[in-house]
Amino acid sequence: MADRYDPHTIEPKWRERWEADGIYRARDDDERPPWYQLTMFPYPSGDLHTGHWYAMTPPDAAARFRRMQGHSVLFPIGFDAFGLPAENAAIQRGVDPKEWTYGNIDQMRQQLRIMGGSFDWEREIVTCDPDYYHWTQWWFLKLYERGLAYRAEAAANWCPGCHTVLANEQVLDGLCERSDDPVERRFLTQWFFRITDYAEELLDFGGMEWPERVTTMQRNWIGRSEGANLRFPVDVEGVDEPLSVFTTRPDTVYGATFMVLAPEHDLVGRITTDGQREVVDGYVAATSRVTEIERLSTEREKTGVFTGAYAVNPFNGARIPIWIADYVLVTYGTGAIMAVPAHDERDFAFARDHGLDVIPVFDHPEIDVSRPLEAAFTEGGAMVNSGPFDGTPANDAIPAVIAHAEAEGAGTGAVTYRLRDWLISRQRYWGTPIPMIHCEACGVVPVPETDLPVVLPENVRFEPTGQSPLTQIEEWVNVDCPSCGSAARRETDTLDTFMCSSWYQMRYVDPHNPERPFSAETMRRWLPVDVYTGGAEHAVMHLLYTRFFWKAARDMGIVEGDEPMKRLFNQGVIVGPDGNRMSKSRGNVVAPDEQVEQHGVDAFRCQLMFIGPWDQGGPYNPSGMPGIVRWLNRLWTVATESAPDPGDGAASRDLVAATHRTIRDVTTDIEGSRFNTAIARLMELTTALTRARETGGVDTATWERSVETLILLTAPLAPHITDELWERRGKPYSVHQQAWPEFDESLVVEDTVEIVVQVNGKVRDRVTLPAGASEDDARERALASERVSNWVEGKQPRRVIYVPGKLLNIVV
RNA sequence: GCCGAAGUGGCGGAAUUGGCAGACGCGACGGUCUCAAACACCGUUGGGCGUAAAGCCCGUGCCGGUUCGAGUCCGGCCUUCGGCACCA
């Protein structure tokens with residue numbers, strides 16, 4: 001009587017119906033409590049692959065689950081559409097980046113719709129739309145007004161072969177990814193955001209449910225170090241200011257036997273003596289040619305040259321030589337160090353290679369510090385060779401030395417971060433134009449808000465000139481100064497695409513607002529995001545930038561609260577059946593279209609969720625698909641065939657208990673993103689129903705309620721088949737607009753419990769007792785068991801451990 | 001080198017606060033239905049000893065510890081993956 005389960009007829013039917021009825025639209029006037037479920041928006045590469053399905057179908061299930069739980073859910077989608085691939089396509093194949101991008105978006109939209117995602121398409125955003133980047137530019141102006149945007153000289157990756165600036169991602173092992181030329185560093189004036197102003201606050205993850213993995217990576221990236229800034233007077237005529245160094249070990253200052261400056265340090269030119277000028281200049285020039293990657297290699301020998309100048313140790317008056325070396329980085333601390341070879345491995349290696357003094361200033365239980373050291377050691381006992389500090393225990397040494405430095409005016413306690421300001425300039429075409437104008441008279445002038453957006457010109461020629469293609473477009477570049485009206489030029493750099501994605505979750509709440517990025521009401525209603533899901537590759541950059549952006553917006557009174565995303569979940573990486581990253585060349589690509597064609601959308605979604613824990617990822621092996629297909633078929637069967645013979649209804653109670661256990665488990669599993677175990681529980685309930693149908697003894701009302709509960713619980717995971725079954729059972733449209741089943745604890749309580757009986761910790765028997773039996777009852781029943789008494793052998797139990805309702809352990 | 005996560009059957013993986021290791025699924029084997037196939041369904045499936053029963057022993061990367069009891073906690077290793085990497 002019932003026809004077979006055929007996903008290919010029911011899936012398009014429901015997709016069209018949901019869309020026509022707009023049942024997934026998020027309404028701002030909905031009175032139910034709001035829930036903002038966000039999945040990282042894709043780059044429009046033009047092909048939706050299995051990774052996208054893996055990233056997006058579980059949050060779709062979560063969004064559907066929250067809706068059924070009575071939330072008004074915002075589950076939006078859009079495209080992160082600026083960036084390099086479009087520009088590369090333009091350079092290589094002569095296509096227009098805009099056409100290429102929008103063509104891909106059209107294609108991906110179609111593919112995304114097939115997924116059965118409950119996205120609110122009316123809120124779609126595309127970051128390369130002028131309606132969107134209008135507000136990206138507005139944000140830039142706000143940050144500039146607030147003093148958080150500034151210009152400075154910074155190194156860019158320069159490919160001498162292509163005559164162009166490369167993004168970090170285009171540099172592979174120090175070589176240009178296209179021409180294989182060694183990449184050089186070129187200094188350009190570029191725009192930065194002062195993310196470092198927020199370094200301290202960004203270390204605080206209080207009240208956030210973020211994976212520890214991510215918070216740890218962010219902490220390491222920010223890299224807070226405590227120590228001191230110490231000032232060493234320089235013994236060079238005409239140089240009055242002292243040389244400032246940052247150190248985490250001010251307690252080793254008496255062991256400082258030389259100073260090292262980064263080759264790019266400001267002072268180098270001024271302190272170098274005539275006799276050393278040639279070697280120093282040569283070394284500085286050589287350094288600029290060395291790539292960052294080579295330079296950072298710890299394997300490299302520690303090179304460096306003497307400047308001829310000396311500094312004075314403010315603690316003991318020692319006159320110590322000043323060197324330059326590329327193991328000191330100009331971007332960290334003050335770009336200069338006091339070198340303490342006895343207690344720092346790098347300084348030790350440098351001192352050994354260049355014949356410099358090594359003076360230990362801590363003693364050590366296993367090392368004779370009166371003899372030449374064989375290696376640096378960092379952990380010592382008490383201070384030695386340190387004048388008035390001799391004998392100070394290691395634990396007290398740092399505060400003592402800092403206190404002394406502060407009293408003497410030789411330095412102060414200080415904190416340094418590894419985090420650098422965010423370089424946002426790109427010498428590229430396909431990005432948001434930076435809304436600034438350069439005027440000879442007025443300097444840098446912001447474009448007035450009323451003139452936004454600064455629209456990206458079209459029909460651009462891509463020639464490798466080393467500058468953004470925008471510089472070629474005279475009619476775009478030449479503009480009147482907004483301040484004085486004289487001839488001026490537009491900024492031709494564009495914004496890092498990470499800026500587009502730093503605030504997109506805010507735009508979704510009010511995506512068509514022409515007056516501002518979003519209204520205060522919509523902001524208060526939806527933000528911050530309840531759950532944000534996406535790949536771990538964004539653990540640092542994107543997720544740190546968006547936190548910075550939010551905090552800056554908060555300080556400007558634009559948003560409320562301290563963090564943009566309360567909860568974060570990183571899904572794992574899905575790889576090919578062979579365990580390798582899916583790639584065409586390996587031939588291990590699983591194409592979603594083929595999976596859908598063979599098994600249907602619901603089966604593919606469920607298989608991806610069933611494969612293992614969502615945060616773990618792993619190989620996608622289609623060989624497991626039959627299990628999911630069988631389950632959906634069995635679900636179809638129990639839901640479409642008639643109820644079993646009720647008999648005396650004796651089996652009803654067990655079925656009710658099984659149903660409610662499933663409600664409980666599936667609810668907590670989906671809340672915790674454990675979709676794999678949720679499906680396992682649903683399979684079990686399906687099996688229970690299949691069995692009950694054969695054996696009978698279930699009254700019809702109970703049967704119907706269990707079947708319908710099973711359909712409701714499955715709906716978020718397999719949305720099409722469940723709506724079809726719901727309809728066929730004559731229930732009101734749509735299953736996705738029904739309430740989530742309520743769990744009733746009292747219905748799963750059993751009359752009897754099975755107690756495991758152990759003797760000396762080994763399971764020997766099981767006894768069935770009434771629920772709530774006392775320890776004495778359990779003990780009596782256990783000792784009555786022949787299997788148990790065989791092991792006890794008449795010995796007196798030394799001790800009995802009873803875990804009520806679970807276990808009894810007799811120790812003899 | 002540093003930081004983080006993980007290691008469980010032939011395979012993917014289960015296992016609240018320490019309490020029956022291997023849920024659920026794949027595969028395999030045996031069977032029902034069928035002219036046959038598909039679909040569906042039933043049974044067995046960690047290893048060893050043992051007659052197939054009962055029963056016993058071993059078993060969650062390795063070594064040791066805590067505990068009545070350890071996949072879970074502690075100490076020390078090994079391996080894999082991810083991140084950072086001369087950060088003073």
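Chain naming here is simple, since letters A, B, ... match the order of the sequence lines and numbering starts at 1 in each.
- Look at B/G13: its glycosidic torsion is beyond 90° from 0, and that puts it in the anti range.
- Between B/G27 and A/Arg630, a contact under 4.0 Å exists linking OP1 or OP2 to a side-chain N or O.
- With B/G19, B/C86, B/A88 as the candidates, the nucleotide lying closest to the side chain of A/Leu807 is B/G19.
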Checklist entry - For RNA chain B, what is the dot-bracket line, given that a base pair needs Watson-Crick (N1 to N3, plus N6-O4 or O6-N4) or G-U wobble (N1-O2 and O6-N3) geometry with both distances under 3.5 Å, and | means paired with another strand? => result (((((((..(((......[....)))((((((.......))))))((((.....))))..(((((..]....))))))))))))....
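- Nucleic acid contact for A/Gln616: sugar-phosphate only, since backbone atoms but no base atoms lie under 4.0 Å from a heavy atom of the residue.
- Distance, A/Tyr417 OH to B/A88 C1': 17 Å, rounded to whole Å.
- Between the side chain of A/Arg420 and the backbone N or O of A/Thr331, no donor-acceptor pair lies under 3.5 Å.
- A heavy atom closer than 4.0 Å to some atom of RNA chain B occurs in A/Phe610, A/Ile611, these being the qualifying members of residues 604-612 of chain A.
- Picking from B/A23, B/C20, B/A5 the nucleotide with the shortest atom distance to the side chain of A/Ala680 gives B/A23.
- To the nearest whole angstrom, the two P atoms, one in B/U44 and one in B/C26, are 15 Å apart.
- Look at A/Ser225 and you'll find a side-chain N or O under 4.0 angstrom from OP1 or OP2 of B/A88.
- When each of A/Arg664 and A/Glu694 is assigned the nucleotide of RNA chain B bearing its nearest heavy atom, the one mapping closer to the 5' terminus is A/Arg664.
- Counting any heavy atom pair closer than 4.0 Å across all strands shown, A/Pro613 reaches sugar-phosphate atoms only and no base atom.
- Nucleotides B/U72 and B/A6, compared at atom C1', are 14 Å apart to the nearest Å.
- The nearest whole Å value for the distance from the CE atom in A/Met683 to the P atom in B/C41 is 12 Å.
- Taking atom C1' on both nucleotides, B/G9 is separated from B/A21 by 11 Å, rounded to a whole Å.
- Between the CZ atom of A/Arg581 and the P atom of B/G82 there is a distance of 12 Å, given to the nearest Å.
- Within the nucleic acid shown, A/Arg764 comes within 4.0 Å of sugar-phosphate atoms alone, with no base atom in reach, counting heavy atoms only.
- Rounding to whole angstrom units, CZ of residue A/Arg634 and P of B/A40 are separated by 9 Å.
- When the nucleotides B/C86, B/A88, B/C26 are ranked by their closest atom to the side chain of A/Lys302, B/C86 comes out on top.
- Nucleotides B/G65 and B/G50 have their C1' atoms positioned 35 Å apart, rounded to a whole Å.
- In the interface, the side chain of A/Glu212 is not paired with the base of B/G4 through any donor and acceptor atom under 3.5 Å apart.
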Item to check | Chi angles and distances behind the side chain to side chain contact (heavy atoms under 4.5 Å, CB included) call for A/Met338, A/Thr252 | outcome: CA-CA 10 Å; A/Met338 66 174 202; A/Thr252 61; 3.7 Å; yes
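- Positionally, the nearest nucleotide of RNA chain B for A/Thr216 lies more toward the 5' end than for the other of A/Arg418 and A/Thr216.
- For the P atom pair drawn from B/U32 and B/A23, the interatomic distance equals 26 Å after rounding to whole Å.
- Counting any heavy atom pair closer than 4.0 Å across all strands shown, A/Asn220 reaches sugar-phosphate atoms only and no base atom.
- Using bins of under 30°, 30° to 60° and over 60° for the plane-to-plane angle, the ring pair A/Trp53/A/Phe604 lands in the tilted bin.
- In this model, a donor atom of one side chain and an acceptor atom of the other lie less than 3.5 Å apart for A/Trp631 and A/Thr686.
- A gap of 25 Å separates the C1' atoms of B/U60 and B/G55, to the nearest Å.
- Set against B/A15, B/C26, B/G19, the side chain of A/Pro626 has B/C26 as its closest nucleotide.
- Across all strands, A/Asp347 comes closer than 4.0 Å to no nucleic acid atom at all (heavy-atom distances).
- Ring geometry, A/His538 versus A/His542: the interplanar angle exceeds 60°, so the pair is classed perpendicular (tilted spans 30 to 60°).
- Nucleic acid contact for A/Arg691: sugar-phosphate only, since backbone atoms but no base atoms lie under 4.0 Å from a heavy atom of the residue.
- Annotation: side chain of A/Arg547 is in contact with side chain of A/Phe205 (closest heavy-atom distance under 4.5 Å).
- Nucleotide B/A23 holds its P atom 16 Å from the CG atom of A/Asp665, rounded to whole Å.
- The P atoms of B/U66 and B/U79 are separated by 28 Å, rounded to the nearest whole Å.
- For B/A14, one of the phosphate oxygens OP1 or OP2 lies less than 4.0 angstrom from a side-chain nitrogen or oxygen of A/Asn676.
- Here the CD1 atom belonging to A/Ile402 is positioned 8.0 Å from the CD atom belonging to A/Glu226, to the nearest 0.5 angstrom.
- Residues A/Leu632 and A/Tyr5 have side chains in contact (heavy-atom distance under 4.5 Å, counting atoms from C-beta outward).
- The nearest whole Å value for the distance from the NE2 atom in A/His599 to the P atom in B/C39 is 11 Å.
- Distance noted for atom C1' between B/G46 and B/G71: 15 Å (whole Å).
- Between A/Glu345 atom CD and B/C2 atom P the separation is 10 Å, expressed in whole Å.
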